[in-house]
Amino acid sequence: MLVVGLTGGIASGKSTVSAQLHDKYNFPIIDADKIAREIVEPGKPAYQSIVKHFEKKITGLLKEDGTLNRPALGRYVFSNKSELQILNSITHPEVRKEILRRILKCWLHFEQICILDVPLLFEAGMDKICGKTICVICNEEIQLQRLMKRNSELTKEDCINRIHNQLSNKERSSKADIVIENDGTLEGLYIELDKDIKGITPCKALTYLEVLCPPFAVASALFYITRKFVLNLAERYSCSFWDIKPIGKTA
Ligand SMILES: CC(C)(COP(=O)(O)OP(=O)(O)OC[C@H]1O[C@@H](n2cnc3c(N)ncnc32)[C@H](O)[C@@H]1O)[C@@H](O)C(=O)NCCC(=O)NCCS
Ligand SMILES: Nc1ncnc2c1ncn2[C@@H]1O[C@H](COP(=O)(O)OP(=O)(O)OP(=O)(O)O)[C@@H](O)[C@H]1O
């Protein structure tokens, strides 16, 4: 299975690209932003650590229903680097674990490709597990306009702080295999994406012929047996972990 890392600055167009990769090519998407929201739901370990560390520092950290007030937390950490690092140290290990778990799910389902949509792909070193990396970039002025339009709850200063707490386009582009420029229209973006996708060769799953051919036979047989065993176990315990479908980006 080929793991493709998709990254880019805030509001550069990653979600737009990953939605197209899911809708048009049916690639499973592992969305780090979505995971980062799930692991801080009330009751989760990361939620408790965040409340413990930030409650006294941020007025109104929790909303009435007990969930995190994300704009307030964001405003605080994006204007305070050491606090951002603390938030990262709480959330990133959980996000990383969940990403690896979802990659395993894709692999068990014989996916040929899976897309890791991770804003901090290079910063967190997650590019090391990717066979290819794609970076979406756009001019900073356009990025700011799109961010302010999408997140109208944020002030211009909040938006600038968020942009400046990430790698620059130059740094990201120099590390990525494929760079997609997203300064124009959506149609233009999709045309460029189609061209880039043609250059990516998915790793096909083993065919039965290959499975029967040595030296793959023993390894493949073991793999099939283990897989069947694990899936049976999951079915017996109705464990939602193994309810594997393409992981679409719905939120
Ligand atoms: C600070 C928080 C509460 C703000 O929440 P909010 O709903 O306003 O933003 P959201 O989570 O949708 O993120 C929007 C974008 O902000 C940028 N961003 C988010 N976290 C970070 C970070 N730690 N460092 C730099 N940029 C970040 C990304 O480009 C992301 O796509 C939230 O972003 C968070 O918990 N961040 C820490 C976890 C994290 O690093 N998430 C990114 C995926 S690993
Ligand atoms: N080419 C484009 N033309 C016009 N609007 C665009 C274009 N590309 C993206 N957008 C818009 O810009 C905003 C940001 O795009 P998107 O949400 O895909 O960025 P992102 O990189 O996933 O952001 P984040 O880092 O916050 O998750 C969205 O409102 C999206 O509809």
Side-chain angles (χ1 to χ4, degrees), residues 5-22 29-41 44 46-47 49-51 53-54 58 61-63 67-100 115-127 134-139 141-155 158-169 172 180-193 249 251:
L6 172 64
T7 191
I10 186 165
S12 58
K14 291 179 304 300
S15 310
T16 310
V17 166
S18 66
Q20 176 76 350
L21 289 174
H22 181 256
I29 310 294
I30 299 174
D31 179 346
D33 276 342
K34 202 169 159 215
I35 293 174
R37 268 176 233 132
E38 289 166 7
I39 56 112
V40 298
E41 279 166 7
K44 301 275 171 72
Y47 170 87
S49 308
I50 291 173
V51 174
H53 180 82
F54 293 102
I58 305 173
L61 173 68
L62 298 180
K63 296 199 284 189
T67 57
L68 293 178
N69 179 344
R70 300 177 66 86
L73 179 56
R75 195 161 295 129
Y76 179 71
V77 294
F78 289 120
S79 56
N80 188 332
K81 270 201 186 327
S82 59
E83 293 292 288
L84 178 61
Q85 277 167 7
I86 292 173
L87 179 65
N88 287 346
S89 71
I90 296 171
T91 51
H92 287 187
E94 300 290 323
V95 173
R96 201 173 291 123
K97 252 189 277 170
E98 183 59 25
I99 287 179
L100 294 175
I115 310 290
L116 282 196
D117 177 347
V118 184
L120 308 176
L121 187 80
F122 296 119
E123 292 93 323
M126 295 236 44
D127 56 307
I134 302 177
C135 167
V136 185
I137 58 169
C138 75
N139 156 315
E141 193 47 45
I142 296 178
Q143 182 183 17
L144 182 60
Q145 295 310 325
R146 286 183 186 156
L147 180 56
M148 289 197 308
K149 190 170 166 204
R150 191 194 61 188
N151 291 61
S152 51
E153 77 284 4
L154 301 178
T155 64
D158 291 337
C159 295
I160 293 173
N161 277 342
R162 287 188 179 215
I163 292 174
H164 289 164
N165 268 293
Q166 301 186 328
L167 287 181
S168 67
N169 278 339
R172 269 199 213 91
I180 299 182
E181 288 187 19
N182 184 23
D183 291 331
T185 60
L186 283 175
E187 291 71 26
L189 172 67
Y190 296 149
I191 291 170
E192 188 172 343
L193 183 60
K249 193 166 186 176

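Computed from a predicted structure; not experimentally measured. All values below come from the heavy atoms of this structure, side chains included, with hydrogens, waters and symmetry mates left out. This chain uses plain numbering: 1 for the first residue, then up along the sequence. All ligand and atom numbering here is 1-based and tracks the order in the structure.
Of all atoms in ligand 1, numbered sequentially from 1 with element shown, those under 4.0 Å from a heavy atom of His92 are 39 (C), 40 (O). Atoms of ligand 1 lying under 4.0 Å from any heavy atom of Asp33, numbered from 1 in the order shown and given with element: 30 (C), 31 (O), 42 (C), 43 (C). Under a 4.0 Å criterion applied to the non-hydrogen atoms of Arg37, ligand 1 contributes the atoms 12 (O). The ligand atoms of ligand 2 that sit less than 4.0 angstrom from a heavy atom of Thr16 are 9 (C), 15 (O), 16 (P), 18 (O), 30 (C). Residue contact check: Leu73 has heavy atoms under 4.0 Å from atoms 3 (C) of ligand 1. Distances below 4.0 Å separate heavy atoms of Ser15 from the following atoms of ligand 2: 17 (O), 18 (O), 20 (P), 22 (O), 27 (O). Residue Thr185 has at least one heavy-atom neighbour below 4.0 Å for each of these atoms of ligand 2: 1 (N). Using a 4.0 Å cut-off to heavy atoms of Ala36, the atoms of ligand 1 that qualify are 41 (N). For ligand 1, the atoms closer than 4.0 angstrom to any heavy atom of Leu120 are 22 (C), 23 (N), 24 (N), 25 (C), 26 (N), 40 (O). Interface atoms of ligand 2 facing Gly184, defined by a heavy-atom separation under 4.0 Å, are 1 (N), 2 (C), 3 (N). Close contacts between ligand 1 and Gln166 involve ligand atoms 17 (C), 18 (N), 25 (C), 26 (N), 27 (C), 28 (C), 29 (O) [criterion: under 4.0 Å to a heavy atom]. Close approach of ligand 1 to Arg162 (heavy-atom distance below 4.0 Å) involves ligand atoms 4 (C), 6 (P), 8 (O), 9 (O).
For Leu147, no heavy-atom contact with ligand 2 is shorter than 4.0 Å. At a heavy-atom distance under 4.0 Å, no atom of Pro119 approaches ligand 2. Counting heavy atoms under 4.0 Å from ligand 2, residue Lys14 touches it through both backbone and side chain.
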Please tabulate, for the side chains in residues 180-188, all donor-acceptor contacts under 3.5 angstrom to protein atoms that are two or more places apart in sequence or on a different chain.
| unit_1 | atom_1 | unit_2 | atom_2 | d |
| --- | --- | --- | --- | --- |
| Asn182 | ND2 | Ser12 | O | 2.8 |
| Asp183 | OD1 | Asn139 | N | 2.7 |
| Thr185 | OG1 | Gly188 | N | 3.0 |

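Among Val77, Leu87, Val118, the residue whose heavy atom sits closest to atom 36 (N) of ligand 1 is Leu87. Across the listed options Asn165, Ile10, Leu121, Ile10 owns the non-hydrogen atom lying nearest to atom 14 (C) of ligand 1.
For the side-chain contact (heavy atoms from CB on, under 4.5 Å) criterion with Leu6, the lone passing option out of Leu116, Ile30, Ile115, Leu121 is Ile115.
Under 3.5 Å, the side chains of Tyr76 and Glu83 contain a donor-acceptor pair of N or O atoms.
Considering only residues two or more places apart in sequence or on other chains, Gln85 meets the side chain to side chain donor-acceptor pair (under 3.5 Å) condition with none of them.
Atom 32 (C) of ligand 1 has as its closest protein heavy atom Arg70 NH2, 3.4 Å.
Taking only nitrogen or oxygen atoms, main chain and side chain alike, Leu189 does not reach within less than 3.5 Å of ligand 2. Ligand 1 has an N or O atom lying under 3.5 Å from an N or O atom of Asn88, backbone or side chain.
Looking only at distances, no side-chain donor or acceptor of Lys63 sits under 3.5 Å from a matching main-chain atom of Asn69.
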